[in-house]
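Before any comments, here is the structure.
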Amino acid sequence: MNQLLDAVHQGDRDTAIEHAESLRSWLQKGGFTPRLRVSVGDQRVHVLSDQLSRAFSIAVCDVAEALDASMDLPNRQP
């Protein structure tokens, strides 16, 4: 998940799509969901439930895979 989010942030479309496909496949095969934590401002960190983490993970995969068609982010140059 971290590598997927980093790739999206950096505009590395190919890597983002690769990680999205891998994460989606992992989840579809029954793999555990990434443990996600959320904090807002100075408030304490909240650990998301498995169900919410799974939904968020799938949504991130959807967004990353949609980048391929949107052309909003340039491919990263080597």
Side-chain angles (χ1 to χ4, degrees):
M1 175 63 84
N2 288 338
Q3 292 172 335
L4 169 54
L5 293 173
D6 286 343
V8 169
H9 177 73
Q10 295 172 5
D12 187 347
R13 180 187 338 240
D14 294 336
T15 300
I17 292 169
E18 181 180 321
H19 288 303
E21 290 171 350
S22 294
L23 178 57
R24 186 184 303 280
S25 175
W26 170 260
L27 293 171
Q28 288 174 341
K29 292 176 182 177
F32 59 87
T33 58
R35 187 171 188 164
L36 301 176
R37 298 175 183 96
V38 176
S39 62
V40 179
D42 294 335
Q43 296 182 8
R44 64 187 177 101
V45 174
H46 301 278
V47 178
L48 300 182
S49 69
D50 284 343
Q51 185 177 7
L52 188 54
S53 291
R54 181 178 184 82
F56 181 82
S57 297
I58 291 170
V60 170
C61 289
D62 291 343
V63 168
E65 291 168 350
L67 292 175
D68 188 40
S70 74
M71 304 301 284
D72 286 338
L73 297 176
N75 281 322
R76 191 166 149 197
Q77 298 298 319

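Please read all numbers here as calculations on a predicted model, not as lab measurements.
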Ring pair (Phe, Tyr, Trp, His ring centres under 6.0 Å) pairs, two or more places apart, involving residues 45-66:
none

Looking only at heavy atoms, the pair that brings Pro34 and Ser57 closest together is CD-OG, 3.4 Å

Supply the atom-to-atom distance Arg54 CZ to Leu36 CG, rounded to the nearest 0.5 angstrom.
12.5 Å

CG on Asn2 to NE2 on His9, rounded to 0.5 Å
13.0 Å

Any side-chain hydrogen bond (donor to acceptor under 3.5 Å, both in side chains) involving residues 33-43? Give me the pairs, sequence neighbours left out, ordered by first then second residue.
none

Please report the shortest heavy-atom distance between Ala64 and Ala16, naming the atom on each side.
CB-O, 4.0 Å

Are Met1 and Val47 connected, step by step, through hydrophobic side chains (Ile, Leu, Val, Met, Phe, Trp, Tyr) whose heavy atoms are closer than 4.5 Å?
no

Could you list the donor-acceptor pairs under 3.5 angstrom formed by side chains in residues 22-31, with sequence neighbours left out?
{"unit_1": "Ser22", "atom_1": "OG", "unit_2": "Glu18", "atom_2": "O", "d": "3.1"}
{"unit_1": "Arg24", "atom_1": "NE", "unit_2": "Glu65", "atom_2": "OE1", "d": "3.4"}
{"unit_1": "Arg24", "atom_1": "NH1", "unit_2": "Asp62", "atom_2": "OD1", "d": "3.4"}
{"unit_1": "Arg24", "atom_1": "NH2", "unit_2": "Asp62", "atom_2": "OD1", "d": "2.5"}
{"unit_1": "Arg24", "atom_1": "NH2", "unit_2": "Glu65", "atom_2": "OE1", "d": "3.0"}
{"unit_1": "Trp26", "atom_1": "NE1", "unit_2": "Phe32", "atom_2": "O", "d": "2.8"}

Can you tell me how far CD1 of Ile17 sits from SG of Cys61, rounded to the nearest 0.5 angstrom?
11.5 Å

If I take atom OG1 from residue Thr15 and atom CG from residue Asp6, how far apart are they, to the nearest 0.5 angstrom?
10.5 Å

